[in-house]
Structure formats: structure tokens, C-alpha cells
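All remarks here apply to the structure that follows.
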Amino acid sequence: MSLNPFLAWLAVLVFDTCGQLAFKSAAHHAEGDGLAHWRAMAARPWLWLGIVAFVVEFIAWLAFLSLVPLAEAVLLATLNMVTVMLGGRLLFDEKLTPRRMAGVLLIASGVILVGLG
Amino acid sequence: MKPSWRYYVTGFLVLMAFDTLSQLCFKLAALHAAPFAADGPWLLRVAREPWVYGAIAGYLGAFVTYMGLLRHAPVGPVFAASHLNVVSVLLVSAWLLHERLSLPQSVGAVLIVFGILVLARTERGNDAAAR
């Protein structure tokens, strides 16, 4: 990958990961059921942060697709599973079991092969 | 009431179809709005591109299907279903967009699919313990 596609890919990864973690945070910290749960989520910044991150990601994804073929793009974007999992480990103390590590390593090596072409 | 396996298979296929449609629309929007530049005129071209709205509709359809599946199905298979759209997007990009992967890239694609399957299995087994 040359520089511009790389930057677009980085933006997709960063904003996707931030968005997913923000949504997780919104759901995690809000109390209540049904409508009350949604009210509690709307009263905190996390939900809105997540929405903004996904709007930016939407634009970054379009930019990325302008620069690389669709097949390569969707394969490279699967690294978000790795970054979200690492984010979950850092922020929510989710466990990285050996099986999860194996899945992460498979995806990461696949992404490297696709990226190198 | 526990839904039948047909419910899951249909849901899985519908989810994949929405996702694939959405990605195809994204790519067509990007192609039509080309050349890309990180500026306002490019964003305006994108906003005027009908394909973008196809992509958004596909996203919404996928979201509703995903939530419907999550209500009844365990998270592992749903996780796999929501990420294995990579496979259908690859098929569509080869068929309709005539894209070709190099040999190392194809090997990478196989590794990624295996990785998704491994993650889906772990999500099914010890999800409660791992969270």
C-alpha cells in the first residue's frame, strides 16, 4: 500500500474501533431497561461519540474504496476485529484467551499478506 | 419459543445479502465520485451519488437483521455471520467488478476466514466466562 490508501485505512480502523468501544461504553455504563436504558445512554456523551465516529468512518471508508479494490479493502478492514478486541482488553478488561489470540494472529497475518499484495 | 434452524439460516443469508449489497453500493459510489480528494467538492459529489443511499439502506437492513438474530441466536455464530460477509463480497467483487487477488492475497484471505471462524468458536464457548 502506498501512503494515501494507508492513511485512509488507518482512519477507517481508528474510527471504527473508537466507535465500537464508545457504543460498548454507552451500553455498559447505562442503567435501566428499554426506553429508560436508551434515555440513560442519550444523556451521556458515549452514544453520541460513537455516532460521530461512525459518520467519520463512513467517509473514510468511501475514501479508502476510491483508492483500492473492494476485495482488498474488505480483507484489510477485518483487522478491526483485532483492534476492537485489544481495545476491549484495555478498557473493559475482557480476557484474551489463547483461542482468541490464535484467531487474532490468523487475521493479522492474513491482513499483512493482503496488504503486501 | 425457540426459533427453528431455518430462522437462523434465513437470517444469516439475509444479513450477508444486505452487507454485500451495501459494500457493492459503497464501491460504485466511490467509483462514480472519483477522483478522490480530501476536500469539499469530493464530499459533495459523494452526497449527490445515488449509490451512497443504497449503501446506507443496506446498512440499515443489515442492522435490523443483526439485532433480530442477536435476540435469539448465541453471539458466536452471529459474530461469524456478520464478519463472513467478507466471503460473499470477494465473490461479488470478482464477478461484477472483475477484481482479482494475487496468490499471496488469496492465501491471506483464507487465513482471515479461518481467523474469523476461530473467533466465532471462542465467542460461542466461553463467552460468559470471558466477559
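For clarity, every value in this text was computed on a predicted model and none was experimentally measured. A note on names: the letters A, B, ... follow the listed sequences, proteins ahead of strands, and every chain is numbered from 1.
Between the side chain of Ser93(B) and the backbone N or O of Leu70(A) there is no donor-acceptor pair closer than 3.5 Å.
Each of Val84(A) and Val118(B) belongs to its own hydrophobic cluster when Ile, Leu, Val, Met, Phe, Trp and Tyr are linked at side-chain heavy-atom distances under 4.5 angstrom. Under the 4.5 Å side-chain heavy-atom criterion for ILVMFWY residues, no single connected hydrophobic cluster contains both Val52(A) and Val55(A). Put simply, Leu91(A) and Leu86(A) are part of two different groups of oily side chains (I, L, V, M, F, W, Y) that touch within less than 4.5 Å, one to the next. No chain of hydrophobic side-chain contacts below 4.5 Å, direct or via other Ile, Leu, Val, Met, Phe, Trp or Tyr residues, connects Leu84(B) to Phe114(B). The hydrophobic clustering, which links ILVMFWY residues whose side-chain heavy atoms are closer than 4.5 Å, places Trp48(A) and Trp38(A) together.
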message = Please determine whether side-chain contact (heavy atoms from CB on, under 4.5 Å) holds for the pair Leu101(B) and Glu72(A), giving the CA-CA distance in whole Å, both sets of side-chain angles, and the decisive distance to 0.1 Å.
response = CA-CA 8 Å; Leu101(B) 291 175; Glu72(A) 276 175 48; 4.2 Å; yes
request  = Before giving the answer on side-chain contact (heavy atoms from CB on, under 4.5 Å), spell out for Phe58(A) and Val52(B) the whole-Å C-alpha distance, their side-chain angles and the decisive distance to 0.1 Å.
outcome  = CA-CA 10 Å; Phe58(A) 186 92; Val52(B) 166; 3.9 Å; yes
key: Worked check of side-chain contact (heavy atoms from CB on, under 4.5 Å) between Val74(A) and Phe26(B)   = CA-CA 11 Å; Val74(A) 293; Phe26(B) 260 120; over 6 Å; no
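The CZ atom of Phe64(A) sits 11.5 Å away from atom CZ of Phe36(B), with the distance rounded to the nearest 0.5 Å. With values rounded to the nearest 0.5 angstrom, Leu65(A) atom CG is found 6.5 Å from Gln23(B) atom CD. For the atom pair CD1 (Ile112(B)) and CD1 (Ile107(A)), the distance works out to 7.5 Å, reported to the nearest 0.5 Å. A distance of 7.0 Å separates CG of Leu119(B) from CE of Met81(A), quoted to the nearest 0.5 Å. Annotation: the span from Ile59(A) atom CD1 to Trp42(B) atom CH2 amounts to 7.0 Å, rounded to 0.5 Å.
Heavy atoms closer than 4.5 Å to chain B are found nowhere in Leu79(A), neither backbone nor side chain. Proximity to chain A involves both the backbone and the side chain of Val107(B), based on heavy atoms less than 4.5 angstrom apart. For Leu97(B), the part lying near chain A is the side chain, with the backbone staying farther off; criterion is any non-hydrogen pair under 4.5 Å. Looking at Ala109(B), both its backbone and its side chain come within 4.5 Å of chain A, counting heavy atoms on both sides.
Using a 4.5 Å heavy-atom cutoff, the side chains of Leu106(A) and Leu117(B) are not in contact. Side-chain contact between Leu113(A) and Leu111(B) is present, with heavy atoms from C-beta onward closer than 4.5 Å.
In the hydrophobic clustering, Trp46(A) connects to Leu49(A), either directly or through intervening members, whenever side-chain heavy atoms lie under 4.5 Å apart.
When each of Ser109(A), Ala73(A), Pro69(A), Ala102(A) is scored by its heavy-atom pairs under 4.5 Å with chain B, the top score falls to Pro69(A). Taking chain A as the reference chain and counting heavy-atom pairs below 4.5 Å, the highest number among Ile116(B), Val46(B), Leu31(B) is found for Ile116(B).
Heavy atoms only, all atoms of each residue included: Leu62(A) and Ala30(B) are closest at O-CB, 3.8 Å. Shortest non-hydrogen contact noted between Val68(A) and Lys27(B) is O-NZ, 2.9 Å.
Enclosure of atom OH in Tyr7(B) by more than 12 non-hydrogen atoms of other residues, nucleotides or ligands within 6.0 angstrom is indicated.
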